[in-house]
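Some notes on the structure that comes next.
Because only heavy atoms are used, hydrogens play no part in the values below, and waters and symmetry mates are left out as well, while side chains stay in. Keep in mind the model is a prediction, meaning the values are calculated, not measured.
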Amino acid sequence: MTTTSDPARPRTTAPTAQHRTRFFDHRIPSLHAGRYIIGNRQILKDVEGTNRSVDATPQPFDVVQPRFSFDPTGINAQFPVPDAVGTYSQTLAHINLDAPGLPWNRLLGPNQPPAVPWMALLLFREDELPEDPDAVGLVMAGTVRELLDGGLGDGAPPALPPESLRPDEYGEQCATILVPAALFDAVKPLPAEMGYLAHLREGGRPDATLSGADPEPDEGELNAVLVANRFPAAAGGRHVVHLVSLESHDQHLTAPAPAEGLRLVSLASWSFTTEPDSGIGFGDLAQHLATTDGNTPRGADDLRLRVPASGPTAPAGPQKEALDRMAAGAVALPQRLESGERTLAFYRGPLTAQPAQELPKPAATRLDSPGEALIYLQQYGVFDTAYAAAFTTGRTLALADAEFRSALLEFRSAARSAARRLASHPELASSAANTLTGRDLTAPLAFEAFDRLLADGDSRSGDSRPGGARLTQALTQAGPQLRAGRRRTGIRARRTIGDVRAVLAHPGVAGLLTQAAPEDFAKVTAWLDALRRLELLSLSHLVPDPRALPAESIRFAYLDPAWVRAAVDGALSVGVGHALDADLNALATGGGPVPKCAVLINSSLVPNWPKTIVAAYKGTTVVEPVRDALFGLEIRLLLYPEVIDRFELAEPPRGLCFGIGDVGTIELREITGDRIGHPMGEFPQPAGFARFLRPGGQDVLNVAGAGDALLPALSSAHGLTGGQRISSAQFALQMINAPQAQTFSRP
């Protein structure tokens with residue numbers, strides 16, 4: 001099932017590679033399994049006109065193929081898998097066999113066409129098979145002779161001609177089941193249907209692509225597939241599937257079964273459990289997110305993150321102001337002013353229903369208090385507290401996180417010391433953009449200078465004398481200078497805070513200060529990046545009113561970068577003692593970008609289909625989320641670095657299976673041209689697959705029987721007329737129960 005809230009948009013994303021998965025009708029052998037005799041006759045012509053026939057000895061030979069059993073290792077796959085537990089009431093069981101010609105290697109009956117297989121897949125529920133009431137796969141085993149002689153229990157055995165049996169076949173072991181007459185008549189496939197319930201599949205390697213318009217099948221990748229014609233019970237319970245031989249039972253497929261029932265050979269079997277179907281599946285839930293009634297797409301306004309608000313058709317003045325702010329995602333909340341008065345104020349979080357209005361250029365590069373971020377609507381006497389609340393939120397989160405708070409203070413302390421050192425030593429600042437390293441900002445300068453006296457001259461002052469010369473000269477001259485009363489009088493001037501702040505403007509210095517405490521600085525920037533990705537915020541910050549994100553809904557929103565900036569300023573306001581600390585905060589504000597849009601899903605899809613695939617696109621480019629998070633059990637948040645154009649929810653992938661979608665439809669697929677397999681839309685319309693089930697309440701598919709059958713309806717949907725029918729391979733292509741998807745497109 002694939003639907004979209006914008007029919008003009010493509011429903012699926014075109015695959016990047018065409019994998020070699022093809023379907024073929026059948027594999028009919030040049031010679032069916034059985035016993036044959038080669039006769040050879042020579043005609044000798046006499047010159048007088050009398051002919052003489054010479055018959056050679058007849059040469060018998062057998063074409064040997066599995067008949068009563070086959071090696072279970074020849075089973076490539078089964079669906080549902082043996083002993084599986086899940087919701088399978090909309091799935092047709094199938095089996096995949098390694099031997100591609102096995103279903104057609106012998107004739108169903110003497111008058112049946114070769115395209116009709118001799119085996120079929122039958123599904124039974126609990127309490128239906130007398131010898132296996134629990135549907136666990138119990139069979140009656142014995143030899144073929146016992147089967148044909150009626151020694152394996154009640155039920156008419158296959159009426160196989162004795163001449164068709166090889167002597168060694170009588171001793172073969174076989175497994176059988178007893179199917180009561182009424183049950184067999186209710187679930188049996190018609191011969192005309194059996195050919196459509198079997199086909200060949202060419203799987204190919206996962207990376208194999210088609211070469212040429214119609215390449216030959218890869219013999220090593222062909223498998224035979226048989227599909228059951230009955231759905232598991234919606235009420236749940238255990239089911240057993242039998243691959244049965246219907247050879248010589250062909251007369252019972254078009255006429256009532258004998259009263260004693262049939263004793264069928266079971267070539268393979270497995271069981272599984274289906275859980276009760278609530279009637280609500282992935283497709284139902286996804287479709288409800290996108291539509292109001294299953295068909296009518298939700299309008300863009302219904303998919304925005306905001307509280308629904310009704311008002312007059314032409315609001316003006318205060319009404320229009322209030323409605324406009326609520327349309328953008330704000331909510332009205334009680335506010336208590338510092339003076340003690342109580343009033344109302346507008347609030348919203350970082351997510352907005354519309355792109356946030358661009359703010360005037362701030363007077364300062366950062367906010368220093370929440371009061372600076374308050375927006376006063378003077379005409380109406382109310383405040384918009386969004387940015388002020390953001391500042392307070394960031395500050396509160398920072399104060400509550402001891403590790404971040406400690407790292408921030410340690411970084412600023414180290415950066416202050418480094419800045420003062422640069423201000424006190426102009427020679428360091430002058431080399432900041434060239435050779436200065438983080439060690440120069442923290443190493444003891446006195447020790448460094450003494451080491452240079454011992455090792456070499458002072459390169460910074462241009463002294464090129466050999467190592468130790470300055471120290472030797474100083475020690476030699478120290479005594480005479482002291483006796484002469486000489487003292488050093490040069491005193492380095494102390495730098496003021498103003499001078500220190502000026503150092504930050506020097507090229508290369510600002511970036512160098514981050515190396516003063518690199519580990520602490522990394523912790524600070526990582527924490528602020530998490531804040532930018534909204535990782536530190538609770539759901540109440542993002543959705544201040546639960547009515548904006550009700551149960552079973554999806555909402556799209558923009559991110560307001562000004563809100564996030566205010567929160568970052570609030571976090572960095574912790575522990576600011578003077579202007580230099582505030583200047584140093586700017587070093588930590590150059591982190592990762594702020595996401596630009598968000599998708600919020602509040603649905604049981606989240607816990608029940610945890611591996612749901614989400615895909616977002618901007619044009620034709622896939623956009624990966626920068627964050628994918630859960631709130632509680634049923635709310636999922638996705639943040640994207642770009643404003644996306646299209647968003648898709650897809651059911652988790654599964655093995656190739658057959659059946660119908662949650663809303664009672666299948667996906668029509670192209671059967672000709674170069675787009676074979678591409679979706680064409682839902683079938684039938686209106687939805688409802690019950691019309692294609694046989695009467696009697698057994699959930700048996702009416703493929704080609706009397707009444708409203710599926711095969712002619714599908715053929716008509718593909719434009720075939722005059723009794724033309726789609727082939728068995730094309731039928732299989734229509735019945736593929738692919739993972740369901742739902743697309744949302746931005747107007």
Any [X] side-chain heavy atom under 4.5 Å of [Y] side chain:
{"X": "Leu243", "Y": "Leu226", "answer": "yes"}
{"X": "Leu531", "Y": "Val568", "answer": "yes"}
{"X": "Thr385", "Y": "Phe346", "answer": "no"}
{"X": "Glu670", "Y": "Met680", "answer": "yes"}
{"X": "Phe744", "Y": "Val599", "answer": "no"}
{"X": "Ile644", "Y": "Tyr617", "answer": "no"}
{"X": "Asn737", "Y": "Thr91", "answer": "yes"}
{"X": "Leu285", "Y": "Trp609", "answer": "yes"}

Nearest-0.5 Å distance, [atom1] of residue [X] to [atom2] of residue [Y]:
{"X": "Leu637", "Y": "Glu535", "atom1": "CG", "atom2": "CD", "answer": "10.0 Å"}
{"X": "Leu536", "Y": "Leu397", "atom1": "CG", "atom2": "CG", "answer": "6.0 Å"}
{"X": "Glu128", "Y": "Leu123", "atom1": "CD", "atom2": "CG", "answer": "8.0 Å"}
{"X": "Leu638", "Y": "Ile601", "atom1": "CG", "atom2": "CD1", "answer": "6.0 Å"}
{"X": "Arg325", "Y": "Lys320", "atom1": "CZ", "atom2": "NZ", "answer": "11.0 Å"}
{"X": "Leu200", "Y": "Leu97", "atom1": "CG", "atom2": "CG", "answer": "10.5 Å"}

Between [X] and [Y], which heavy-atom pair has the shortest distance, and what is it?
{"X": "Ser269", "Y": "His242", "result": "CB-ND1, 3.3 Å"}
{"X": "Tyr640", "Y": "Val623", "result": "CE2-O, 3.4 Å"}
{"X": "Leu639", "Y": "Ala598", "result": "CD2-CB, 3.4 Å"}
{"X": "Ala233", "Y": "Ser89", "result": "O-CB, 3.9 Å"}
{"X": "Glu552", "Y": "Ser603", "result": "OE1-OG, 2.7 Å"}
{"X": "Ala93", "Y": "Leu121", "result": "O-CD2, 3.6 Å"}

Any donor-acceptor pair under 3.5 Å from [X] side chain to [Y] backbone:
{"X": "Arg298", "Y": "Thr291", "result": "yes"}
{"X": "Thr665", "Y": "Gly661", "result": "no"}
{"X": "Asp645", "Y": "Arg746", "result": "no"}
{"X": "Gln730", "Y": "Ser727", "result": "yes"}
{"X": "Asp560", "Y": "Thr352", "result": "no"}
{"X": "Asn229", "Y": "Leu701", "result": "no"}
{"X": "Glu193", "Y": "Val703", "result": "yes"}
{"X": "Ser716", "Y": "Pro712", "result": "no"}
{"X": "Asp324", "Y": "Ala328", "result": "no"}
{"X": "Arg304", "Y": "Ala353", "result": "yes"}

Pairing residues for Asp529 by the side-chain contact (heavy atoms from CB on, under 4.5 Å) criterion, not counting sequence neighbours: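 Expected list: Arg532, Arg533.
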
Side-chain donor-acceptor pair present, Thr612, Glu651, cut-off under 3.5 Å: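 Short answer, no.
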
Side-chain donor-acceptor contact under 3.5 Å, Tyr347 with Asp384: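 No, no side-chain donor-acceptor pair sits under 3.5 Å.
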
Lys/Arg-Asp/Glu bridge criterion (N-O < 4.0 Å) met for Glu648, Arg646: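 Answer for the salt bridge query: yes.
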
Let me have the donor-acceptor pairs involving side chains of residues 76-88, under 3.5 Å, with sequence neighbours excluded, atom names and distances please.
residue: Asn76; atom: ND2; partner: Asp98; partner atom: OD1; Å: 3.2
residue: Asp83; atom: OD1; partner: Arg238; partner atom: NH2; Å: 3.2

Residues Val241, Ile95; criterion side chain to side chain contact (heavy atoms under 4.5 Å, CB included); working and verdict: CA-CA 10 Å; Val241 187; Ile95 189 169; over 6 Å; no

From Arg125, Arg230, Arg694, residue fulfilling side chain to side chain donor-acceptor pair (under 3.5 Å) relative to Asp699: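 Only one option passes, and that is Arg125.
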
Test applied, side chain to side chain donor-acceptor pair (under 3.5 Å); reference residue, Gln734; option that passes from Arg669, His718, Glu667: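 With Gln734 as partner, Arg669, His718, Glu667 yield a single side chain to side chain donor-acceptor pair (under 3.5 Å), made by His718.
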
Verdict with supporting geometry, Leu289 and Leu303, side chain to side chain contact (heavy atoms under 4.5 Å, CB included): CA-CA 9 Å; Leu289 296 180; Leu303 297 175; over 6 Å; no

Row check, Phe23 ring normal vs Arg201 NZ/CZ: under 6.0 Å, within 45°: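 The answer is no; the distance or angle limit is not met.
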
Sub-6.0 Å ring centroid separation between Phe683 and Phe692: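 Aromatic pair counts; centres sit under 6.0 Å.
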
Sub-6.0 Å ring centroid separation between Phe231 and His239: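 Not close enough - the centres of the two rings lie 6.0 Å or further apart.
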
Listed partners of Arg627 passing salt bridge (Lys or Arg N to Asp or Glu O under 4.0 Å), at least two apart: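 Checked Arg627 against salt bridge (Lys or Arg N to Asp or Glu O under 4.0 Å); zero matches.
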
Full working for side chain to side chain contact (heavy atoms under 4.5 Å, CB included) between Val606 and Leu633: CA-CA 7 Å; Val606 175; Leu633 296 177; over 6 Å; no

NZ (Lys618) with more than 12 external heavy atoms under 6.0 Å: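 Yes, because the 6.0 Å sphere around NZ of Lys618 holds more than 12 heavy atoms from other groups.
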
Ile736/Phe658 under side chain to side chain contact (heavy atoms under 4.5 Å, CB included): CA gap, chis, key distance, verdict: CA-CA 4 Å; Ile736 292 175; Phe658 304 90; 4.1 Å; yes

